[in-house]
Amino acid sequence: MKLSLLAILLGLICITATVIINYNMSIEYNTAGGKTQALFGLKHIERYYVGIIGLFGLSTSLYAMNRKEKKSLVIIAILISLISIIITFLELWRWMI
């Protein structure tokens, strides 16, 4: 049960960090000039490093599944971790403009 809760926590941290980074990127994009806006997404590659946290959450939840922890918590942990990894690679900042 402890590993499942850790995986859920890691997934939620990843989602929160991704939303904060993308919000800051949208604000920076709105204040940037035309030349800077053209290659804006390439300038902020470091945001993908947050996905490593979600990957750790996914591996922790899979390890918890092997240890026969409570199935409902493990499934929730896997779903949250997968959502956090997917959200990391989406460009949410474009939708916040």
Side-chain angles (χ1 to χ4, degrees):
M1 185 162 155
K2 291 181 183 179
L3 289 175
S4 300
L5 293 177
L6 177 65
I8 291 172
L9 180 66
L10 288 173
L12 291 176
I13 288 172
C14 181
I15 290 172
T16 304
T18 301
V19 169
I20 290 171
I21 289 170
N22 280 299
Y23 177 73
N24 290 336
M25 284 178 65
S26 70
I27 290 173
E28 189 177 338
Y29 182 81
N30 284 333
T31 60
K35 291 180 183 177
T36 307
Q37 287 180 352
L39 298 173
F40 190 76
L42 296 176
K43 187 176 134 185
H44 294 282
I45 299 292
E46 68 273 358
R47 66 190 161 109
Y48 295 124
Y49 294 129
V50 177
I52 295 172
I53 299 171
L55 194 61
F56 282 138
L58 181 63
S59 62
T60 304
S61 60
L62 292 175
Y63 181 68
M65 185 170 54
N66 287 340
R67 290 193 53 188
K68 309 282 189 216
E69 289 195 13
K70 196 173 182 182
K71 256 193 177 172
S72 61
L73 277 177
V74 172
I75 291 173
I76 291 171
I78 289 173
L79 288 176
I80 288 176
S81 297
L82 287 175
I83 289 170
S84 69
I85 292 170
I86 291 170
I87 285 178
T88 301
F89 293 104
L90 290 178
E91 294 185 348
L92 295 177
W93 63 272
R94 288 188 180 191
W95 298 343
M96 294 180 185
I97 297 175

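Between V50 and the options I87, I21, N22, a side-chain contact (heavy atoms from CB on, under 4.5 Å) holds for only I21.
Take Y29 and apply the ring pair (Phe, Tyr, Trp, His ring centres under 6.0 Å) test, not counting sequence neighbours, and it matches F40, W93. In this structure L9 satisfies the side chain to side chain contact (heavy atoms under 4.5 Å, CB included) test together with I13, sequence neighbours excluded. Contacts of I80 classified as side chain to side chain contact (heavy atoms under 4.5 Å, CB included), with partners at least two apart in sequence or in another chain: I8, L12, I15, I76. By the side chain to side chain donor-acceptor pair (under 3.5 Å) test, S61 pairs with no residue at all, sequence neighbours left out. In terms of the side chain to side chain contact (heavy atoms under 4.5 Å, CB included) criterion, residue partners of I52 (sequence neighbours excluded) are, by chain and number, Y49, F56. Residues that satisfy the side chain to side chain contact (heavy atoms under 4.5 Å, CB included) test with I75, not counting sequence neighbours, are L79. Every residue two or more places apart in sequence or in another chain that forms a salt bridge (charged side-chain N to carboxylate O under 4.0 Å, His left out) with E91 is listed here: R47, R94.
Between the OG atom of S81 and the CD1 atom of I86 there is a distance of 11.0 Å, given to the nearest 0.5 Å. For the atom pair CG (L73) and NZ (K70), the distance works out to 6.0 Å, reported to the nearest 0.5 Å.
Applying the salt bridge (charged side-chain N to carboxylate O under 4.0 Å, His left out) definition to pairs two or more places apart or across chains, none involves residues 16-27. Residue pairs that meet the salt bridge (charged side-chain N to carboxylate O under 4.0 Å, His left out) test with at least one member in residues 17-34, sequence neighbours left out, are E28-K43. Sorted by first and then second residue, the salt bridge (charged side-chain N to carboxylate O under 4.0 Å, His left out) pairs involving residues 75-86 (not counting sequence neighbours) form an empty list.
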Set out, in order, the CA-CA distance, both residues' side-chain angles and the distance that settles side-chain contact (heavy atoms from CB on, under 4.5 Å) for S84 and I53, then state yes or no.
CA-CA 9 Å; S84 69; I53 299 171; over 6 Å; no
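In the hydrophobic clustering, Y63 connects to L3, either directly or through intervening members, whenever side-chain heavy atoms lie under 4.5 Å apart. With a 4.5 Å cut-off between side-chain heavy atoms of Ile, Leu, Val, Met, Phe, Trp and Tyr, the cluster of L62 takes in I45, Y48, L55, L58, M65, V74, I78, L82, I85, F89.
Remark: the backbone N or O of M1 is paired with a side-chain donor or acceptor of E69 at under 3.5 angstrom.
The shortest heavy-atom contact between A7 and G57 is CB-O, 3.3 Å.
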